[in-house]
Amino acid sequence: MHASRSHLPTSGESLLRLVSACRAPAHLPSLRAAHARLLVLLHPSHPSAAHASVKLIQAYAACSALPLAHAVLESSSSSSAGGSSRTTTVCFNVLIRALTAASLHRDALVLFASMRPRGPACSPDHYTYPLVLKSCAASNDLLLGLQIHSAVAKLRLDANVYVAHSAISMYARCGRPEDAYRVFDGMQHRDVVSWNAMIAGFARAGLFDRAIEVFKQFVVLPGSMPDAGTMAGILSAMGNAKSEDIVFVRSVFNNMQFKELISWNAMLAVYANNGYHVKAVELFMLMEKDEVEPDSVTLATVLPPCGELSAFSVGKRIHEIIKRKNMCPNLLLENALMDMYANCGCLKGARDVFDSMSARDVISWTSIISAYGKHGHGREAVYLFEKMLEEGLKPDSIAFVAVLAACSHAGLLDDGKSYFDSMTSRYHITPKAEHYTCMVDLLGRAGCISEAYDFITTMLIEPNERVWGALLQACRIHSNMDIGLVAADNLFRLVPEQTGYYVLLSNMYARAGRWADVTSVRSVMVNKGIKKFPGTSIVELGDRVHTFHIGDRCHPQSEMIYQKLDELLGKIRRMGYNPEVEATLHDVEEEDKEGHLSVHSEKLAIAFLLLNTSPGTTIRVTMNLRTCSDCHLAAKLISVITSTEIILKDTNRIHHIVQGVCSCGDYW
DNA sequence: TTAGGGTTAG
């Protein structure tokens, strides 16, 4: 391949073999030499000259030398008298293909438009149309797509399945799913790709139910063989899927005889995107057992569930695989790794990945900023945000969410306010509900309740339940009953079924000693048939994830866990711990309240891990609610008596507890 | 000698 001019083959056949082997920019000198020799050897009228042009265009394109590929096309089309008219069309097709592969869709369409005026020798054919329809889809050009599709119909090429499939995709991507369906419905013969195109088409157009319906129609068809394209197509329709649909997709996956890697990746993503973190990690372990080689997509998909579950040993194993396979530098993976480490409570791991990166994008910076933020290191997060600006990167909407959340976690009131202002005035980013929520949280928890409320009234969008929820939380902390009631009214209006807020309100009444109101909130809950959202904690032990519910007695080790917990609570009581009865609903007698508290799921999880790990092992507990102040205090004291580091992750942040001191500084 | 659907991180 690195043949110098003097070592070039002499026969046309070997020269063409050499041309075909040129597939990277480094091969360009050899390619040009071979090209020159071919020009001498093959007169344009030679029967092989046309064939050579096709190969040369392909090779130049593969070597990222598109202008040279273009030059070959021009010379071959001007001397097309020698070759058949088919050849010129093939040359165009090959170059258009190269342009679409490089995402140069506009260039591809311009080249296509130049075909007809050159005469019948350059007529687009059934190979050309799929390519240009794809370019229309990619550039969202419905008008041109419609023109091309009507030209296709006139030429009677619409019966060609390749043309039909790209037409389906084009219509769906350009926001015309019904036209896509018309093409699909009119097809005489459908193959697996026809179904896949229609499933993906409906999904892309946001018609998830229709996509799932077509998917189901297809898989029950006798002899149908869903493939990786089917799985990938249905994946995009499963954003917020019903559990029975997820079970159904899994059964289709299980029945596939040949499971391509993309099918595994799609199944993983279905689980990951729907919050089935345990299922995702279990499926990944099944891949390992079946010796399916994961690729970077697999690992980037399964890392977030590891982080959600604080499944640190699996997460670290994935990092080992990434190192062993030399998959980095890879922004996608490195960014996902940082997040996994941060969510497993291992800030140092996240920082090490960040420091080792050879290139960083806004997502990388956002990941490390939110890592510091979640761990309560607001100052470092703010410092990193400034570093990012110094590097010349432009923060986007999500980067601002990260820095605002960091400010709110650390109580950095002035920084938060100034970032919010610069976001709008300097970066012209329209604040979304998340930004408002951070600000209300920041102001409210700092005690500026009225300011937080006024802030809400100036919002450009309708405040959602999270915004009001942040205000209610602040009102509870600072016992502001008047504004708290306004927040509560809005919450009941917006999300009457969300019980977390009822509990918050009830606790606020309890704190103010308004027991009659506590009772009336309780009766509303009972009347509406609402039960308190069950607090759940999960922990990783070995390769398994264990789940604990409040007051749970289902675990096989239940007896021992409660014994261990009694022992721990006894010890911390002697240190002065008194259960904070106010933290729970005031609906039971004092004694029962204490009993209720003692079995909060995070306490059970901590006892379980202390029982099953050697002394001094760091303990990681993840829960599905904000941890209550009583469990927070208990965890701090338990960290002292057992000399154990406890990492407690709740829905809002990560509490890193060492020797009785929490990284949140008790500000949460 | 060329063509269709489809997966990943904040």
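Only a predicted model underlies this, so the values are computations on that prediction, with no experimental measurement involved. Proteins get letters first, then strands, A, B, ... in listed order; numbering begins at 1 in each. These values consider heavy atoms only, across backbone and side chains, with no hydrogens, waters or symmetry-generated copies.
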Find the distance [X]:[atom1] to [N]:[atom2] and express it as a whole number of Å.
X	N	atom1	atom2	value
L42(A)	dT1(B)	CG	P	16 Å
N93(A)	dT2(B)	CG	C1'	6 Å
I199(A)	dT7(B)	CD1	P	13 Å
L331(A)	dA9(B)	CG	P	14 Å
L99(A)	dA3(B)	CG	P	13 Å
L268(A)	dG6(B)	CG	C1'	16 Å
D339(A)	dG10(B)	CG	P	5 Å
D158(A)	dA3(B)	CG	C1'	16 Å

Choosing from [options], which nucleotide comes nearest the side chain of [X]?
X	options	value
L235(A)	dT1(B), dT7(B), dG6(B)	dT7(B)
P130(A)	dG10(B), dT1(B), dA3(B)	dA3(B)
A232(A)	dG10(B), dG6(B), dA9(B)	dG6(B)
N335(A)	dT7(B), dA9(B), dG4(B)	dA9(B)
I262(A)	dT7(B), dA3(B), dT1(B)	dT7(B)
S370(A)	dG10(B), dT7(B), dT2(B)	dG10(B)
H126(A)	dT1(B), dA9(B), dA3(B)	dA3(B)
R204(A)	dG6(B), dG10(B), dA9(B)	dG6(B)

Can you confirm whether or not the ring centre of [X] sits under 6.0 Å from the ring centre of [Y]?
X	Y	result
F354(A)	W365(A)	yes
W195(A)	F215(A)	no
Y171(A)	H149(A)	yes

So what does [X] touch, heavy atoms closer than 4.0 Å: a base, only the sugar-phosphate, or nothing?
X	value
A228(A)	base
D295(A)	nothing
Q58(A)	sugar-phosphate
L131(A)	sugar-phosphate
V193(A)	base
I398(A)	base

Charged N to carboxylate O below 4.0 Å: is that the case for [X] and [Y]?
X	Y	result
K387(A)	E380(A)	no
E308(A)	K649(A)	no
K325(A)	E293(A)	yes
R466(A)	E434(A)	no

Report all side-chain donor-acceptor pairs from residues 47-65 of chain A shorter than 3.5 Å, counting only partners two or more places apart or in another chain.
unit_1: S53(A); atom_1: OG; unit_2: A49(A); atom_2: O; d: 3.2
unit_1: Y60(A); atom_1: OH; unit_2: H35(A); atom_2: ND1; d: 2.7

Can you list, pair by pair, the side-chain donor-acceptor contacts under 3.5 Å of residues 226-233 of chain A, counting residues two or more places apart and other chains?
unit_1: D227(A); atom_1: OD1; unit_2: N196(A); atom_2: ND2; d: 2.9
unit_1: D227(A); atom_1: OD1; unit_2: G229(A); atom_2: N; d: 2.9
unit_1: D227(A); atom_1: OD1; unit_2: T230(A); atom_2: N; d: 3.1
unit_1: D227(A); atom_1: OD1; unit_2: T230(A); atom_2: OG1; d: 3.1
unit_1: T230(A); atom_1: OG1; unit_2: N196(A); atom_2: OD1; d: 2.8
unit_1: T230(A); atom_1: OG1; unit_2: D227(A); atom_2: N; d: 2.9
unit_1: T230(A); atom_1: OG1; unit_2: D227(A); atom_2: O; d: 3.3

Exercise. Is any side-chain N or O of R190(A) closer than 4.0 Å to OP1 or OP2 of dG4(B)?
Worked result: no

Problem set entry | Any R86(A) side-chain N or O less than 4.0 Å from OP1/OP2 of dT1(B) | no

Exercise. Do any of residues 355-362 of chain A sit with a heavy atom less than 4.0 Å from DNA chain B, and if so which?
Worked result: D361(A), V362(A)

Under 3.5 Å donor-acceptor pair, [X] side-chain atoms to [N] base atoms:
X	N	value
S166(A)	dG4(B)	no
D227(A)	dG6(B)	no
D396(A)	dG10(B)	yes

